[in-house]
Amino acid sequence: MWTPSQAHEGRPPCRPQTQWKTHSAQRFGLRGRDGARPSMYEVRNVAAGAAPGLRVVRGRDGTNSTAVAIWLPHPRVVRQPDESASRLPFRVCLGDGPGLRSAPKTSMPRTLVKAALHAASAMDAIHLQGWVRTRRDAKGFSFIEINDGSSLKGIQVIADASLPNYATEIARTHTGASIEVHGKLVPSKGQGQQWEVVAESFTIIGEADATYPLQKKGHTLEFLREIAHLRPRSNLFGAVFRVRSRLAFAIHQFFQERGFVYVHTPIITASDCEGAGELFRVTTLDPVRPPLTPEGAVDFAKDFFGKKAYLTVSGQLEAEIFASALSNVYTFGPTFRAENSNTSRHAAEFWMIEPEMAFCDLEGNMTLAEQFVKHLIRDAREHCAADLEFFAKFVDKELLTRLDFVLERPFQRCSYAEAIDVLGKCGRNWEHPVKWGDNLQSEHERFLAEEHFKCPVTVYNYPRTLKPFYMRVNDDGKTVCAMDLLVPGIGEIIGGSQREERLEVLREAMAHHQLSEKDYWWYLDLRRFGTVPHAGFGLGFERMLMFITGVSNIRDVIPFARTPGSADF
RNA sequence: UGCCCGGUAGCUCAGUGGCAGAGCAGGUGACUGUUAAUCACUUGGUCGCUGGUUCGAUCCCAGCCCGGGCAGCCA
């Protein structure tokens, strides 16, 4: 967005922007209904005589006394001499929408680049807004590619040298500038695209100078991570975040179509024993001089919640409550783990989907997980085709064949005992020895999914000693109804289980894990009153996104990654 | 947290115990319905930081900072 300082720096003195800037809200003495100056206006130019065009737009930020008007120029207005421009009468009306989109009906609506590219026929009038990806000059005109994020592909705009601001602005436009174009959509005379736009007016909304970090050439992902505020404007990250959005939608669609109820489980929790790793503490106590107990310990009874509180590591226990009432539920929200994990597939803040189903056993749980994963892949294949093809071309050549292969085949299922057997007999020299009772290591999981089964595989019935207290104990007394879904390239993407619904067995398990029944009285109550067999799992949203896009680092599928030592932006 | 690799122009990277290099980006010019356009010329440097060795360190050594990979923990 334009700021006053940017408006003055490095510009010729008599640019239209500078003149139009004087038509600020203050000059007109605008006041909103509450007496405050509005932060946004729409100004309609009446005197210019042309079809009324929306002219304004964004005002001040509330403290700065100088309003900045970013305007949508009409060609006839732009050509006004600067002196007269400042005297043009305006009719001003307050707008309440988010900027340019609140244009009145008399203004030409904005067309997204995606829609323009898929136009069925030529258009006499089109209005585009977006950011310059590249400019190529020809004799007498320039090619300017605009992208507005609506699609991977941008649209080519032809800006003729006869445009009034060609020499002063258009020919100096750099990659990254935000611009606005009015013109015609016509069949392209060149190769490589069906449509292009011949500009009748071309306005720079916000210049980007030569220091704009994104170039037309490829950048490393490490560099782009350092400019996370600009990387969504790159091809790769635009595609990643479009897919992320679509995937979030598909998740809701999957569950809603099946009658699952969306539950918002708390983000702040006071149970510190959920069994899923280190927690972030939430506190309002003074870190330097906290209140102390008579014994000299920090007195958390004086903290905000009257006890220790944390950010959630899982919504499962609360989801079980709701499944015990609404039958089938799911959560989808942020999750926090304070582990010092420095890998390409761990983040301190990530999003997790946790369905929980009453009257459901491990078998049903595994079946749902498979249907769920396949639904997400199928949805992305169908609705994000262009973006996935981009990933297949530049990120992972095998992506599409792998996704299609996963869609076509049933997932393999393999008990932990069978897995140990397979790993022990395959003749490999494992870095970590394979032994019943030990965790499957990364190398083991990868071997199962990538080499032995060559497809997603669900490993189930793990040794009781490896898993948390709430998992249902099998009849053998040694294993629990746990399941992990392993996928090629990522490893574990889902972890879940059938929950222990028998009160006495659960109490024994809690005692064994040294958990206090007092802290979990409500969890035990679920087994006292109308208990049912139930099951659920957790899917790491970012890991699913990694699998679907082929992007190999979790930091590149989340807008602003939080990892140990890093919480920028 | 452990092990390993890296840090040189805005970006991607070469390089050397003795004047700091290329491609791209930026600038100037030429050419052109171009597609990461092309061609010529050109601006641009705390060689991560601190200390040490040395006549001399971007280079060798130590410590630190930052980034990445792998492992553990997990989703």
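The figures here come from the full heavy-atom set of this structure, side chains too, leaving out hydrogens, waters and symmetry mates. Within every chain, numbering begins at 1; the chains are lettered A, B, ... in the order of the sequence lines, protein sequences first and strands thereafter.
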*Between B/U35 and A/Arg136, is there an OP1 or OP2 to side-chain N/O distance shorter than 4.0 Å?*
no
*In whole angstrom, what separates A/Asp137's CG from B/C39's P?*
16 Å
*asked:* With a 6.0 Å cut-off on the ring centroids, do A/Tyr416 and A/Tyr460 count as close?
replied: no
*Could you classify B/C19 for me, syn or anti, using a glycosidic angle within 90° of 0 as syn?*
syn
*Span that lies between the P atom of B/G10 and that of B/C47, in whole angstrom*: 12 Å
*Any donor-acceptor pair under 3.5 Å joining the side chain of A/Arg543 to the base of B/C74?*
yes
*asked:* Any side-chain N or O of A/Asn439 below 4.0 angstrom from OP1/OP2 of B/C73?
replied: yes
*asked:* Measure CD1/A/Ile158 against C1'/B/U35 and give the value in whole Å, please.
replied: 11 Å
*Would you say B/C13 has OP1 or OP2 under 4.0 Å from some side-chain N or O of A/His219?*
no
*asked:* From C-beta outward on A/Glu492, which listed nucleotide comes closest to its side chain: B/G68, B/U1, B/A75?
replied: B/A75
*Side chain of A/His432: nearest nucleotide among B/C13, B/A71, B/C74?*
B/A71
_Centroid-centroid under 6.0 Å between A/Tyr520 and A/Tyr470 rings_ = no
*asked:* For a quick test of reading the model: is some side-chain N or O of A/Arg345 closer than 4.0 Å to OP1 or OP2 of B/A71?
replied: yes
*Rounded to the nearest angstrom, tell me the gap between atom CH2 in A/Trp195 and atom C1' in B/G33.*
17 Å
*For B/C61 and B/G17, measure between their P atoms and round to the nearest Å.*
13 Å
*Check every atom of B/G33, B/C13, B/C73 against the side chain of A/Phe141 and return the nucleotide holding the closest atom.*
B/G33
*Between A/Ser341 and B/C74, does any side-chain N or O lie under 4.0 Å from OP1 or OP2?*
no
*Out of B/G69, B/U35, B/G26, which nucleotide sits closest to the side chain of A/Ala210?*
B/G26
*asked:* Using a heavy-atom cut-off of 4.0 Å across all strands, would you classify A/Thr220 as base, sugar-phosphate, or nothing?
replied: sugar-phosphate
_Nearest-Å distance for atom pair CD/C1', residues A/Glu339 and B/C73_ = 5 Å
_If you only use heavy atoms from C-beta on, which nucleotide in B/A36, B/C74, B/C70 is closest to the side chain of A/Glu445?_
B/C74
_Under-4.0 Å side-chain N/O to phosphate OP1/OP2 contact, A/Asn553 with B/G69_ = yes
*May I ask whether A/Phe350 stacks on the base of B/A75, given the cut-offs of 5.5 Å between ring centres and 30° between planes?*
yes
*asked:* Let's test this: given Watson-Crick or G-U wobble pairing with both distances under 3.5 Å, identify the partner of B/U46.
replied: none
*Calculate the interatomic distance between A/Arg555 atom CZ and B/A75 atom P; express it in whole Å.*
19 Å
*Between B/U32, B/U34, B/G69, which nucleotide has the shortest distance from any of its atoms to the side chain of A/Lys139?*
B/U32
_B/C13 to B/A20 separation - C1' atoms, rounded to the nearest Å_ = 14 Å
*Verify the contact: side-chain N or O of A/Ser344 to OP1 or OP2 of B/C70, cut-off strictly under 4.0 Å; return yes or no.*
yes
*Taking a pair as Watson-Crick or G-U wobble with both distances under 3.5 Å, which nucleotide is matched to B/G56?*
none
*Between A/Ile251 (CD1) and B/A75 (P), how many Å, whole number?*
16 Å
*asked:* Looking only at the side chain of A/His346 (C-beta and beyond, no hydrogens), which of the listed nucleotides B/G33, B/G10, B/A75 gets closest?
replied: B/A75
*B/U1 pairs with which nucleotide, Watson-Crick or G-U wobble, both distances below 3.5 Å?*
B/A71
*Ignoring backbone atoms, test whether A/Thr134 places a side-chain nitrogen or oxygen under 4.0 Å from the OP1 or OP2 oxygen of B/A36.*
no
_Distance, rounded to the nearest Å, where A/Asn340 contributes CG and B/G72 contributes P_ = 15 Å
*Euclidean distance, atom CZ of residue A/Phe332 to atom P of B/A75 [Å, nearest integer]*: 17 Å
